[in-house]
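Below is one structure, written out as structure tokens; comments come after it.
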2 protein chains.
Amino acid sequence: MKKDSPYTIKDIAQELGLSPSTVSRALSGHPHISQETKDRVQEVVEKSGYRHNALASSLRNSKSNMIGLLVPRISMYFQSTVITAIQNKLHEFGYNLMVCQSNDSVEMEKELVNVLYSSRIEGLIVSPTLYTTDFSHFDIFNKSKIPLVFYDRVPKTHSAHKIVGDDYQGGYLSTKHLIEQGSRRIAHISGPLSCSIYRDRYAGFQEAMHEAGLEVEKSLVHFHELNRENALATCEKLYALGEFPNGVFACNDTTAIAVMEFAKKHGIAIPADVKIVGYSNDPRAEIIEPAITSIEQFPYEMGEQAADLMMSLILEKVNPGRNLISMTTPIELVIRKSSSLSLALTT
Amino acid sequence: MKKDSPYTIKDIAQELGLSPSTVSRALSGHPHISQETKDRVQEVVEKSGYRHNALASSLRNSKSNMIGLLVPRISMYFQSTVITAIQNKLHEFGYNLMVCQSNDSVEMEKELVNVLYSSRIEGLIVSPTLYTTDFSHFDIFNKSKIPLVFYDRVPKTHSAHKIVGDDYQGGYLSTKHLIEQGSRRIAHISGPLSCSIYRDRYAGFQEAMHEAGLEVEKSLVHFHELNRENALATCEKLYALGEFPNGVFACNDTTAIAVMEFAKKHGIAIPADVKIVGYSNDPRAEIIEPAITSIEQFPYEMGEQAADLMMSLILEKVNPGRNLISMTTPIELVIRKSSSLSLALTT
DNA sequence: ACGTTATTTGCAAACGTTTGCATATGGTTT
DNA sequence: AAACCATATGCAAACGTTTGCAAATAACGT
């Protein structure tokens, strides 16, 4: 028969005249339990709707099989792809994922770190907010020897395990490409420099400029949150300079799209008058007309790597995180019409 | 001093010469504990790096503060937006989210249902796979009186709490719009009819056609997974009919985009020769040229509603789910150039 | 001075599972 | 017939927290 509320191992034991230990072992397939007993237990389990209590089990084993994930925003293309990969990979290892989002608020991030900390997650995977410069709220994880992996946006000074895209190279290649295509006055629209990825891309940008003997004009470089409104405002400023830049390296595709919108509205031809490169290879970059040259970051692979690293940190009792791992996943410049006159003409 | 491994309430108690009960109460702000004691406890907590054990707490209270979410794919635009909303809303109530994805595999879905079931989630929010027609694996939740909310794709026969978009209306309005714009031979490209949303959209499509006295040509109606490859293949079939339809109602924007790609390639003018409507109002719909008319589903609002419903089911001890709740969130037809000759000409 | 009440703390059991050790049974070996 | 092994099961403690109840102390009124 079926009890209404919680049906436990004890109940099963009682019903079968066994001890809870035997039932527990039967359920976990312990070799010392006779097949007959296992069958009987299984039968009762099925008809009673017994619900294994993972909480109790986790408590007893101090093993929650849960990984925490803390991201700025779930719904951004890059992030959601990474999450997809992480979830798939963790599932292979029998781990579950608890997902939190900071909405790019440092306050929220701090709060969630504590929530996750006390939730007994076995590891934490993080992409911090745009404004996280002080990473000390993550220290509790290091202190407690709980694996902590940063990805994408990562602490520069703070030592930790990191999975990053090659943002320096991304910035460098984008800019070099623009220069090769003939751009000279190149604008750079990027995110807050408090964030590692934007610092690196900026550095790559500068390097390519210097290498080509070009000057980085202060008035062409802008840092702010990369949404459409901000991007359009920046375009206004650039436009007000008298002459619009003939190249734009935008640090995400939303911004690149906004620049394109602005250019079209003002009769600036793309790529003839201005060449544009975005970042992240958002699905929109490919289908807009002209298609936008962008940097592919391989977010799925990045997510897989983060999950793999996390699992090896957890499973590897041998080398318990004595040496810090830092992986850089390569990027790829995907050249499209927005920056290439020859491509634009062939169609 | 700081112990290396788990520092518990008992340790704090011992260090202060108190009992664990007192420490526990001090931590939870119980009114019968003196301020002095609370301060002393707080001090030790901070310097010891004490980690509250939510597992033990949950076990004792049989309250995990965790909600499960089971979706086909995290990274689809619609889904990731819903998840964002759900996560934000649940956080307001102090609940956490455990996210799983079925990758549209029924097998995986069944497995994950069991995993979630034993994880002691207090409620489950689900958008099932495309192919889930038998919903009996969700019954354990009903049996155990654990709130279960379906959204978007929902069981038709199976009684349950549901949050759905108004797919019938979406299908009806899209089709009516195409007809109003002059389309007569209208193709319908949709997903598997095993899935509620596609059945409803198809019904709306048929209704609008009948209302206008138009015939639904079998050869113009196609059902399959809605990705680019399948859509292009369907386009080939339509093209092979001799005359391409002059209207296409596609059940997602990926498909609409593929149709557009095909039309462009074959010199079929949009919207002059063929008018196209998509579904979901994906960010790409707005920026492609010509922009695609689509159905806005308000995924964020949908997610909030799902979370709100879940919370009221959990908190409301009063009416413990005796009556089933079914909410339909309105949709909105967003008219753009892909279906409107007048709009296309003004630019 | 004594009963009454308010305040603060402690005891011990409970949540459901797991596991080392001990035990029981039957069968095999010398 | 004694000693031994293999197999199957049970006992009881433990994981860390919470909470009803009891108890200790202090404060108060009559």
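First the proteins, then the strands, lettered A, B, ... as listed; each starts at 1.
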Practice task
Could you tell me whether A/Arg51 sits above the aromatic face of B/Tyr117, with NZ or CZ closer than 6.0 angstrom to the six-membered ring centre and within 45 degrees of the axis?
Solution key: yes

Quick one: [X] [atom1] to [N] [atom2], roughly how many Å, whole number?
X	N	atom1	atom2	result
A/Lys38	D/dT9	NZ	C1'	13 Å
B/Leu27	D/dT19	CG	C1'	15 Å
A/His30	D/dT7	NE2	P	13 Å
B/Arg40	C/dT9	CZ	P	9 Å
A/Gln35	D/dT7	CD	P	15 Å
B/Ile33	C/dG10	CD1	C1'	10 Å
B/His32	D/dT18	NE2	P	18 Å

Practice task
Check each of B/Leu69, B/Leu116, B/Leu124, B/Val126 against B/Cys100 using the side chain to side chain contact (heavy atoms under 4.5 Å, CB included) test, and report the only one that passes.
Solution key: B/Leu116

Handout entry: Any donor-acceptor pair under 3.5 Å from B/Ser194 side chain to B/Leu130 backbone
Key = yes

Problem - Partner set under side chain to side chain donor-acceptor pair (under 3.5 Å) for A/Arg73, not counting sequence neighbours - result: A/Asp104

Exercise for the section: Indicate, with a heavy-atom threshold strictly under 4.0 Å, whether A/Leu55 touches base, sugar-phosphate, or nothing. Expected result: nothing

Exercise for the section: Assign A/Thr37 to base, sugar-phosphate, or nothing according to its heavy-atom contacts below 4.0 angstrom with the strands shown. Expected result: sugar-phosphate

Practice task
Determine the interplanar angle of the A/His158 and A/Phe135 rings, folded into 0 to 90°, and report it as parallel if under 30°, tilted if 30 to 60°, perpendicular if over 60°.
Solution key: tilted

Fill in the blank from the handout: Each nucleotide of nucleotides 11-16 of chain D classed B (base within 4.0 Å of a protein heavy atom), S (only sugar-phosphate) or -, in 5' to 3' order, makes BBBBBB

Practice task
Tell me whether the OP1 or OP2 atom of D/dT9 has a side-chain N or O from A/Ser34 closer than 4.0 Å.
Solution key: yes

Practice task
Please indicate whether A/Gln42 has more than 12 foreign heavy atoms, meaning atoms of other residues, nucleotides or ligands, lying under 6.0 Å from its CD.
Solution key: yes

